[in-house]
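Reviewing the structure listed below.
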Amino acid sequence: MNFRVNRRRRLYEGKAKVLFEGPEPGTLVQYFKDDATADKGARKGIVTGKGVLNNRISEYLMVKLGEIGVPTHFMRRLNMREQLIRKVEIIPVVLVVRNSVAGSLATRLGMEEGTALPRSIVEFYYKKKELDDPMVSDEHITAFGWASPYEIDEMMSLALRVNDYLSGLFLGIGIKLIDFRLEFGRLWDNDEMYIVLADEISPDNCRLWDIKTNEKMDRDRFRLDLGKVAEAYQEVARRLGIMPENLPSDVSEKTYEIAR
Ligand code: TMP
């Protein structure tokens, strides 16, 4: 950790990121760690260089989404592991968008992984760590006041725009966007409230499969103990054309045979 990080007030530490007080009011610094978890946090590990890659990949995707008019909390990348973000009020509802069957959908409905869905499906989860983010319906969300009907509509429509854009972007570099998870926050500008994309978009919260081989290029490599986790994240960055220089030497000098 560098000197500047240690001097800032730490506000929150999650599984893969730390949030620090930002340099100006209304800002935060988001620090990306190399920590990886699986089995609801029961299995932990370190993927060397993951934080650097996720910081860079998430910056790239958030900037691209900003360019097509999707509002995000991202302001700018500060260094290899940190980005400056707008402080938002996180909505305790997580959206998962699915294009193909995988993960918990495959388990829950007994469907075969990789099956293309007849249309994209959006699911809601209540963001509550102690409960492992249970799946909920819009009825629960409005009844318990986690988000208003307007906010649900806005999050749905933003999630589908993100899905359309990212599916095309990844397709162009030989990657299938199987599913991903989004978080949103409320941002106030005087009396007006905006819903903006928050958190990160990276191989930690997307399922990305190589189009030719179906090889997994995301956190499932850690979850399922498939090996070559860092290499897969690097390959995503390489294909996006944003492979960062100066990665820790034990990561950057490997050859990336995965998913070609
Ligand atoms: P799931 O199939 O396990 O429900 O996951 C759906 C998507 O959400 C997948 O892209 C992985 C992502 N995800 C996270 O980013 N964090 C989580 O804690 C979970 C459970 C899923």
Side-chain angles (χ1 to χ4, degrees), residues 12-17 30 32-45 47 50-51 53-55 57-58 61-62 65 72-73 90-117 119-137 140 155-156 158-160 162-167 169-171 175-185 197-211 214-226 229 232-233 236 259:
Y12 170 81
E13 177 147 9
K15 285 182 271 186
K17 293 190 292 292
Q30 182 164 249
F32 289 76
K33 303 192 284 184
D34 285 347
D35 301 59
T37 56
D39 304 330
K40 293 165 184 163
R43 196 160 62 79
K44 291 190 173 78
V47 178
K50 175 173 80 78
L53 290 160
N54 282 353
N55 186 24
I57 293 170
S58 195
L61 298 176
M62 290 271 185
L65 288 167
T72 81
H73 73 162
I90 290 289
I91 297 174
V93 174
V94 172
L95 273 72
V96 168
V97 183
R98 300 181 186 271
N99 299 308
S100 299
V101 175
S104 69
L105 180 66
T107 312
R108 202 178 333 118
L109 300 184
M111 294 173 81
E112 195 182 340
E113 265 220 333
T115 311
L117 293 166
R119 64 183 174 89
S120 303
I121 293 176
V122 181
E123 296 170 346
F124 302 115
Y125 293 83
Y126 177 40
K127 188 173 150 65
K128 191 84 179 165
K129 218 191 277 179
E130 308 87 286
L131 302 174
D132 294 324
D133 298 357
M135 189 155 108
V136 293
S137 77
H140 299 98
M155 290 191 291
M156 282 276 282
L158 287 171
L160 292 172
V162 170
N163 185 41
D164 282 349
Y165 182 79
L166 292 188
S167 293
L169 184 146
F170 280 118
L171 192 62
I175 294 175
K176 210 174 347 177
L177 179 61
I178 300 291
D179 58 33
F180 59 96
R181 173 191 196 272
L182 294 179
E183 282 186 30
F184 293 91
L197 195 55
D199 194 37
E200 71 181 293
I201 307 179
S202 74
D204 261 10
N205 59 4
C206 299
R207 283 199 175 90
L208 304 168
W209 292 10
D210 180 78
I211 222 136
N214 278 345
E215 194 152 6
K216 297 181 198 297
M217 305 172 70
D218 54 62
R219 187 172 153 205
D220 271 353
R221 297 204 73 82
F222 181 81
R223 286 196 194 93
L224 306 171
D225 220 355
L226 301 174
V229 187
Y233 283 51
V236 172

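Order of listing sets the numbers, starting from 1, for every ligand and every atom in it.
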Asp204 heavy atoms within 4.0 Å reach ligand 1 at atoms 15 (O)
Residue-level breakdown please: for Asp218 versus ligand 1, do any non-hydrogen atoms fall below 4.0 Å on the side chain, on the backbone, on both, or on neither?
neither
Any carboxylate oxygen within less than 4.0 angstrom of a Lys/Arg side-chain nitrogen, looking at Asp179 and Arg207?
yes
Is the shortest distance from a Lys or Arg side-chain nitrogen in Arg221 or Glu215 to a carboxylate oxygen in the other one below 4.0 Å?
yes
Cationic tip of Arg43 above Phe222 ring, under 6.0 Å, 45° of axis
yes
Contacting atoms of ligand 1, where contact means under 4.0 angstrom from a heavy atom of Arg219:
16 (N)
Straight-line distance of Glu200 CD to His73 NE2, nearest 0.5 Å
8.5 Å
Closer than 3.5 angstrom, by distance alone: can the side chain of Asp34 be matched with the main-chain N or O of Lys50 as a donor-acceptor pair?
yes
State, with a plain yes or no, whether a side-chain heavy atom of Asn54 is found less than 4.5 Å away from one of Lys33.
no
Check each heavy atom of Val96 against ligand 1 and say whether those closer than 4.0 Å belong to the side chain, the backbone, both or neither.
side chain
Please classify the Ala106 to ligand 1 contact at 4.0 Å (heavy-atom distances, strictly less than): side chain, backbone, both or neither.
neither
Around atom CZ of Arg108, are there more than 12 heavy atoms from other residues, nucleotides or ligands closer than 6.0 Å?
yes
What protein heavy atom sits nearest atom 12 (C) of ligand 1, and how far off is it?
Arg181 CB, 3.7 Å
Could you tell me which atoms of ligand 1, counted from 1 in the order shown, lie closer than 4.0 angstrom to a heavy atom of Cys206?
10 (O)
For ligand 1, which atoms sit closer than 4.0 Å to a heavy atom of Gly103?
2 (O)
Under 4.0 Å from one or more heavy atoms of Asp179, ligand 1 contributes atoms 7 (C), 9 (C), 10 (O)
Sub-4.5 Å side-chain heavy-atom contact between Leu171 and Ile211
yes
Examine distances only and state if a side-chain atom of Asn205 and a backbone atom of Ser202 form a donor-acceptor pair shorter than 3.5 Å.
yes
Is Arg223 close enough to touch ligand 1? Criterion: a residue heavy atom under 4.0 Å from a ligand atom.
yes
Does the protein place any heavy atom closer than 4.0 Å to atom 9 (C) of ligand 1?
yes
Please state which option from Arg108, Arg207, Lys40 has its nearest heavy atom closest to atom 3 (O) of ligand 1.
Arg207
Identify, by atom number and element, the atoms of ligand 1 in contact range of Phe180, meaning under 4.0 Å from any of its heavy atoms.
10 (O)
When only distance counts, is Lys15 in polar contact with ligand 1, meaning an N/O pair under 3.5 Å?
no
Any N or O of Ser104 closer than 3.5 Å to N or O of ligand 1
yes
Do the non-hydrogen side-chain atoms of Leu197 and Val162 ever get within less than 4.5 Å of each other?
yes
